[in-house]
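This report refers to the structure that appears directly beneath it.
Model, not experiment: these values are computed from the prediction.
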Amino acid sequence: MGLITQILTLPVAPVRGTVWVLDQVLLAAEREYYDPEPVREELAALEQQLLDGSITSDEFDSREDELLDRLEWLEANQQRLRTDS
């Protein structure tokens with residue numbers, strides 16, 4: 001039965017291949033979008049700005065809270081991507 005099914009569905013094979021490629025592109029784009037590394041780098045740069053004295057402690061706290069919230073959101077989404085893959 002498997003051979004007959006493959007022969008009968010052969011005309012839709014290019015569609016299945018295209019769908020698979022689009023799924024892979026979407027997965028790669030989501031992994032890049034939800035990558036927490038740029039936020040970690042921004043946190044490090046923010047800390048360096050604080051140590052250099054170019055921002056105040058209040059500015060640091062405010063921006064750090066925003067970045068940590070974003071980092072938490074990104075890591076949660078990355079975990080979802082790992083379980084969906």
Exercise for the section: Identify the two heavy atoms, one from L71 and one from P36, that lie closest to each other, and give their separation to 0.1 Å. Expected result: CD1-CB, 3.4 Å
Problem - Within 6.0 angstrom of E32 CD, more than 12 heavy atoms from elsewhere - result: no
Practice task
Would you please name every residue forming a side-chain hydrogen bond (donor to acceptor under 3.5 Å, both in side chains) with D52, sequence neighbours left out?
Solution key: Q48
Exercise for the section: State, yes or no, whether a side-chain contact exists between E75 and Y34 at a heavy-atom distance under 4.5 Å. Expected result: no
Handout entry: Verify same cluster id: W73, L43 (apolar side-chain graph, 4.5 Å)
Key = yes
Handout entry: Spatial distance of atom OG1 (T9) from atom CD1 (I4) [nearest 0.5 Å]
Key = 11.5 Å
Exercise for the section: Please name all residues satisfying ring-ring contact (aromatic ring centres under 6.0 Å, His included) with F60, sequence neighbours left out, ordered by chain then number. Expected result: none
Problem - Heavy-atom side-chain proximity of L22 to T18 below 4.5 angstrom - result: yes
Practice task
Mind listing the closest non-hydrogen atom pair of Q78 and R31 along with its distance?
Solution key: NE2-O, 3.9 Å
Practice task
Mind checking the CZ-CG spacing from R63 to D65? Nearest 0.5 Å is all I need.
Solution key: 12.0 Å
Handout entry: Atom pair CG (N77) and OH (Y33), whose distance is rounded to the nearest 0.5 Å
Key = 8.5 Å
Exercise for the section: Could you go through the side chain to side chain contact (heavy atoms under 4.5 Å, CB included) check for V19 and D23 one step at a time? Expected result: CA-CA 6 Å; V19 169; D23 283 343; 3.9 Å; yes
Handout entry: Test applied, side chain to side chain contact (heavy atoms under 4.5 Å, CB included); reference residue, L46; option that passes from E64, E41, E66
Key = E64
Practice task
May I ask you to decide if D58's main-chain N or O and S62's side chain share a donor-acceptor pair within less than 3.5 Å?
Solution key: no
Practice task
Please tell me if the side chains of L67 and R40 come closer than 4.5 Å, counting only heavy atoms from C-beta onward.
Solution key: no
Completion exercise
With sequence neighbours left out, the residues meeting side-chain hydrogen bond (donor to acceptor under 3.5 Å, both in side chains) with T56 are E59
